[in-house]
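What follows is a short report on a single structure.
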Amino acid sequence: MGFADQRFNVNLSILFTELPLLERPAAAAAAGFTAVELWWPWIDTPTPAQSELDDLRKAIEDAGVQLTGLNFYAGQLPGPDRGALSVPGEESERFRANIDVAADLAASLGCAALNALYGNRIEGVDPAEQDALALENLVLAARAASRIGATLLIEALNRPESPRYPLVSAPAAVGVVDRVNEATGLGNAAFLMDLYHLSMNGEDLPSVIERYGARTGHVQIADNPGRGAPGTGSLPLADLLDLLGKSGYDGWVGLEYKPGDRPSAEAFDWLPVRARAAR
């Protein structure tokens, strides 16, 4: 058991960022990986030109890697924003404009997981108003995901780094999952379990896995402290992934960590090359 038994993908929005976007899929392939995931790559627009969408699609196809996860538009990420769907006004409208664009891009690449970041609390706006707006937008996103046979992911972040983000525990995120599934009747919303974020919140990770492993649609990892590669911190990530497998999770594990002061291609020495290709 351990790392060699997992299906890993590389998050190209935090790794290989020293390269232009269109060169990153090939770099991941050269490092031995066969699957990748992405935050929404165009932070300034939810509706990029068709030529830009086509160029990214071609780069992924030409590299011979599978896109396994894609975020909906989430504002300035990385940056001050943590999503757009609960933010009244222009940002909510930008999220809605992005829903079908992101879903269609995912469908064209066989990607079956779409992550919708909730968005920060806004000063002067009633949290209940934001939550009602969030549910409206998540219902739309769940329907679009269902149209392409995909799962809608709801993620908990961590309070120290995202103090205005309301979903900073596993129960909070799973509660939103439940509300979306109840509202749509589709059952295609699921929890995105990011072990780094949950550990930063001080949650009991084995307990979270036992309680929510079967409700989890995707897993992401980084070590803590530092959000670096496995082995750079103190999290027993191999053991935690084994627990997830025993809980019934058999999906992808996204490598969403910082490479540190070295090229990204050198940040995978913890994982034998033979274990990097998806099985």
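For the pair Glu203/Pro171, a side-chain contact is recorded, criterion being any heavy-atom separation below 4.5 Å from C-beta on. Side-chain contact between His218 and Asn115: absent, with no pair of heavy atoms (C-beta onward) separated by less than 4.5 Å. Two residues are said to be in side-chain contact when any heavy atoms from C-beta on lie closer than 4.5 Å; Val168 and His197 fail this criterion. Residues Phe8 and Ile221 are in side-chain contact: their nearest non-hydrogen atoms beyond the backbone lie under 4.5 Å apart. Residues Val65 and Val10 are not in side-chain contact: their nearest non-hydrogen atoms beyond the backbone lie 4.5 Å or more apart. In this structure the side chain of Tyr257 reaches within 4.5 angstrom of the side chain of Leu15, judged on heavy atoms. Leu56 has its side chain within reach of Leu22: a pair of non-hydrogen atoms, C-beta onward, lies under 4.5 Å apart. Proximity of Leu117 to Arg82: side-chain heavy atoms (C-beta onward) are nowhere separated by under 4.5 Å.
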Discussion item. Is there a side-chain contact (heavy atoms from CB on, under 4.5 Å) between Leu140 and Leu85? Walk through the geometry before answering.
Written reply: CA-CA 10 Å; Leu140 295 174; Leu85 63 90; over 6 Å; no

- Task: For Leu70 and Leu109, run side-chain contact (heavy atoms from CB on, under 4.5 Å): C-alpha distance rounded to whole Å, both residues' side-chain angles, the deciding distance at 0.1 Å, then the answer.
- Result: CA-CA 10 Å; Leu70 177 67; Leu109 288 162; over 6 Å; no

* Asked: Between Val208 and Leu195, does a side-chain contact (heavy atoms from CB on, under 4.5 Å) hold up when you go through it step by step?
  -> CA-CA 10 Å; Val208 168; Leu195 295 177; over 6 Å; no

May I have the step-by-step check of salt bridge (charged side-chain N to carboxylate O under 4.0 Å, His left out) for Asp54 and Arg57, ending in yes or no? CA-CA 5 Å; Asp54 291 342; Arg57 182 184 302 108; 2.6 Å; yes

Should Glu155 and Asn71 be marked as a side-chain contact (heavy atoms from CB on, under 4.5 Å) after you check the CA-CA gap, both sets of side-chain angles, and the distance that decides it? CA-CA 11 Å; Glu155 181 176 8; Asn71 282 19; 5.5 Å; no

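Heavy atoms of other residues, nucleotides or ligands lying less than 6.0 angstrom from CZ of Arg147 number more than 12. The 12-atom threshold is not exceeded at CD of Glu90, counting heavy atoms of other residues, nucleotides or ligands nearer than 6.0 Å. Residue Glu52 qualifies as enclosed at atom CD: its count of foreign heavy atoms under 6.0 Å is above 12. When the shell of 6.0 Å around CD of Glu161 is examined, it contains more than 12 heavy atoms from other residues, nucleotides or ligands.
Side-chain N or O atoms of Trp40 include one that pairs as donor or acceptor with a backbone N or O of Thr45 at under 3.5 Å. The main-chain N or O of Val253 is never found under 3.5 Å from a side-chain atom of Gln6 such that the two would form a donor-acceptor pair. A donor-acceptor contact shorter than 3.5 Å links the side chain of Asp223 to the backbone of Gly231. The backbone N or O of Thr184 lies less than 3.5 Å from no partner atom in the side chain of Arg143, so there is not a single donor-acceptor pair. Between the side chain of Tyr165 and the backbone N or O of Tyr118, at least one donor-acceptor pair lies under 3.5 Å. In this structure, the side chain of Arg276 engages the main chain of Phe268 through a donor-acceptor pair within 3.5 Å. The main-chain N or O of Arg262 is never found under 3.5 Å from a side-chain atom of Glu18 such that the two would form a donor-acceptor pair. Counting only distance, with no hydrogens or angles, the side chain of Asn201 and the backbone of Arg159 share a donor-acceptor pair below 3.5 Å. Using modelled atom types, no side-chain atom of Asn11 and backbone atom of Gly69 make a donor-acceptor pair closer than 3.5 Å. Of the possible polar contacts, one joining the Thr34 side chain to the Ala278 backbone as a donor-acceptor pair under 3.5 Å is found.
The heavy-atom pair separating Ala28 from Val36 by the smallest distance is CB-CG1, 3.9 Å. The two residues Ala183 and Leu135 come nearest to each other via the heavy atoms CB-CD1, 4.4 Å. Across Ser234 and Pro225, no two heavy atoms sit closer than the pair OG-CD, 4.1 Å. The heavy-atom pair separating Thr68 from Ala35 by the smallest distance is CG2-CB, 3.8 Å. Taking every heavy atom of both residues into account, Ala59 and Pro25 meet most closely at O-CB, 3.7 Å. For the residue pair Ala84 and Glu91, the shortest heavy atom distance occurs at CB-O, 3.6 Å.
With rounding to the nearest 0.5 angstrom, the CG atom of Leu152 is 10.5 Å from the OG atom of Ser146. To the nearest 0.5 Å, the span separating SG on Cys111 from CD1 on Ile148 amounts to 7.0 Å. To the nearest 0.5 angstrom, Asp242 atom CG is 11.0 Å from Ser247 atom OG. Separation of atoms CG (Leu12) and OG (Ser264) is listed at 9.5 Å; rounding is to 0.5 Å. Of the inter-residue distances, the one linking Asn98 atom CG with Asn137 atom CG reads 11.0 Å to the nearest 0.5 angstrom. Taken from CZ in Phe191 to CG in Leu167, the straight-line distance is 9.5 Å, to the nearest 0.5 Å.
Within the 6.0 Å centre-distance limit, the rings of Phe72 and Phe95 are counted as a close aromatic pair.
Within the structure, salt bridge (charged side-chain N to carboxylate O under 4.0 Å, His left out) contacts touching residues 106-125 (residues at least two apart or in different chains) are Arg121-Asp131.
Applying the salt bridge (Lys or Arg N to Asp or Glu O under 4.0 Å) test to Arg227 and every residue at least two apart in sequence or in another chain returns Glu256. Considering only residues two or more places apart in sequence or on other chains, Arg179 meets the salt bridge (Lys or Arg N to Asp or Glu O under 4.0 Å) condition with none of them.
For the residue pair Tyr73/Arg94, the side-chain donor-acceptor check at 3.5 Å is satisfied.
Ile14 and Leu235 fall within a single hydrophobic cluster, where Ile, Leu, Val, Met, Phe, Trp and Tyr are joined by side-chain heavy atoms under 4.5 Å apart, directly or via other members.
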